Novice: 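Below you will find the structure I want to go over with you.
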Protein chains: 2
Amino acid sequence: MTTSQQERLDRFRARQTAQDRNLFGRISGAALSSRSQAKRLLRSVGTLSITEWRVLWDLVEAGPLTVTEMATIQRTDHALISRTIPPMIEKGYVVTTTGAEDRRTSLVAITPSGHTVFDETSATMAQRRTAIKDAFTEAELDTFLALIDRFERIVEGPMPAVSQTEDVA
Amino acid sequence: MTTSQQERLDRFRARQTAQDRNLFGRISGAALSSRSQAKRLLRSVGTLSITEWRVLWDLVEAGPLTVTEMATIQRTDHALISRTIPPMIEKGYVVTTTGAEDRRTSLVAITPSGHTVFDETSATMAQRRTAIKDAFTEAELDTFLALIDRFERIVEGPMPAVSQTEDVA
DNA sequence: ATTTTTTACGTGACAAGTCACATAATTTTT
DNA sequence: AAAAATTATGTGACTTGTCACGTAAAAAAT
């Protein structure tokens, strides 16, 4: 290996180390790993996709919900939920009714069949949550969530405000 | 509003509150918000997509890199990088050469043109990083990264190990 | 009462990201 | 030296997620 190849490798390693402290990349990486794991686990215990599973979990825990409510709970785009519902109706997992008080809304409810496919995932996904519970104390979880809150305040707006001490990398 | 509608709303709110403490959802939400913000910012200062921008940032900081190296740095799938490169070559932002020592690899390097489009984003994206720097002390960043490390150890495997005290939700 | 604004959701079009597989090249094992 | 295993990358096919827009319905303003 030539010196210039070694230098190239050194620069790659330095970059990797530097990015280990980049919160944007770290949070993205953690989220993507989490999603992949969830996907593998769900595939191992049934046929539900991640989004289908999340919908059923919300409905099992909270009863009938609107598309907007589920999107809010799941911190995702309403379009993703909206698109996930019709195939779930076809599979017999959920039913929808137009809102009685607000006919723009549709109220989604789980069916017995939906309960069944959801129940097949429960032990596995509960085990996954337990692993998190075991890994963090309540105080550590509080700290983690407070830090995530702060991060979110920065990434929620169009552009975060910065102090006068800003430096340009 | 009837009592049953009020109860439905109460259950929705309770579910939302409960999910505020769900690390999986919180980390995913934070990552997605971050990605959307980055996308908006990039659109406001040029035409680079998020993945194109990440590629250029890596190349600017570390010099020529292979697809696998960039995927490792960015904690993403090599296929995403692999697919992003040809259009960037067509746009004149990068060039590739087959690795001298390992003809399986291709070494990607930025061009002057790529530097130019990247430079147009630099102030904005640096400002974004500064906002993070301003929001967290070094100690808080250390804590945040340590917690993310721990979370990642749980989500990296096929299934996390759990203690005997596991409970099924 | 009417008009304007806002909201819920469905859809088009697209980007981001993943999984699996194939080919070529390299490394390891025999 | 040959065979087997592993790795780098490209690609097919798909899922996840987003942005923008349109329509219908509701709320707010006039």
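Nothing here was measured: the structure is a model prediction, and the numbers come from that model. Here is the naming used below: chain letters follow the sequence lines, and residue numbers restart at 1 for every chain.
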Novice: For DNA chain C, note the earliest and the latest nucleotide, 5' to 3', having some atom under 4.0 Å of a heavy atom belonging to chain B.
Specialist: dA16(C) to dT26(C)

Novice: Heavy atoms from C-beta onward define the side chain here; which of dA8(D), dT15(D), dT9(D) lies closest to that of Ser106(B)?
Specialist: dT9(D)

Novice: Here's one to test your reading of the geometry: is the NZ or CZ of Arg128(B) within 45 degrees of the ring axis of Phe24(A) and under 6.0 Å from its centre?
Specialist: yes

Novice: Closest approach of Leu141(A) and Phe136(A), non-hydrogen atoms and distance?
Specialist: N-CB, 4.4 Å

Novice: Compute whether any side-chain donor of one residue and acceptor of the other, for Asp20(A) and Gln16(A), lie under 3.5 angstrom apart.
Specialist: no

Novice: Contact between Met125(A) and Leu42(A) at the side-chain level, heavy atoms closer than 4.5 Å - yes or no?
Specialist: yes

Novice: For the side-chain hydrogen bond (donor to acceptor under 3.5 Å, both in side chains) test, which of Arg15(B), Arg11(B), Arg8(B), Arg13(B) pairs with Glu69(A)?
Specialist: Arg8(B)

Novice: Name the nucleic acid region contacted by Leu32(A), choosing base, sugar-phosphate or nothing; use a 4.0 angstrom heavy-atom cut-off, strictly under.
Specialist: sugar-phosphate

Novice: Could you tell me whether the side chain of Ser34(B) and the main chain of Ala30(B) form a donor-acceptor pair under 3.5 Å?
Specialist: no

Novice: Taking only N and O in the side chain of Thr105(A), is any of them less than 4.0 Å away from OP1 or OP2 of dA25(D)?
Specialist: no

Novice: Can you list, by residue number, the residues of residues 81-96 of chain A that have a non-hydrogen atom closer than 4.0 angstrom to DNA chain C?
Specialist: Ser82(A), Arg83(A)

Novice: Looking at Thr68(B), I'd like to know whether one of its side-chain N or O atoms comes within less than 4.0 Å of OP1 or OP2 on dT9(D).
Specialist: yes

Novice: So, applying side chain to side chain contact (heavy atoms under 4.5 Å, CB included) with Gln74(B), which one of Thr72(B), Thr76(B), Asp77(B) is it?
Specialist: Thr76(B)

Novice: Would you say Arg103(B) reaches dT9(D)'s phosphate, i.e. side-chain N/O to OP1/OP2 under 4.0 Å?
Specialist: no

Novice: Taking the nucleotide of DNA chain C with the closest heavy atom to each, which residue, Thr51(B) or Ser36(A), is nearer the 5' end?
Specialist: Thr51(B)

Novice: Under a single-linkage definition using a 4.5 Å side-chain heavy-atom cutoff for Ile, Leu, Val, Met, Phe, Trp and Tyr, are Leu80(A) and Tyr93(A) assigned to the same hydrophobic cluster?
Specialist: no

Novice: Side-chain contact, heavy-atom cut-off 4.5 Å: Thr96(A) with Leu107(A)?
Specialist: no

Novice: Could you tell me how far apart Leu107(A) (CG) and dA25(D) (P) are, to the nearest whole angstrom?
Specialist: 17 Å

Novice: So what does Arg75(B) hit on the nucleic acid, given a heavy-atom distance under 4.0 Å: a base, only sugar-phosphate, or nothing?
Specialist: nothing

Novice: Just N and O in the side chain of Thr98(B): are any of them under 4.0 Å from OP1 or OP2 of dT9(D)?
Specialist: no

Novice: From CG of Asp77(B) over to P of dG10(D), roughly how many Å is that when rounded to an integer?
Specialist: 13 Å

Novice: By nearest heavy atom, map Gly99(A) and Ile50(A) onto DNA chain D; which one lands nearer the 5' end?
Specialist: Ile50(A)

Novice: Can you sort out which residues in residues 12-24 of chain A have a heavy atom within less than 4.0 Å of DNA chain C? Ascending by number, please.
Specialist: none

Novice: Within the pair Thr76(A) and dT18(D), is there a side-chain N or O less than 4.0 Å away from OP1 or OP2?
Specialist: yes

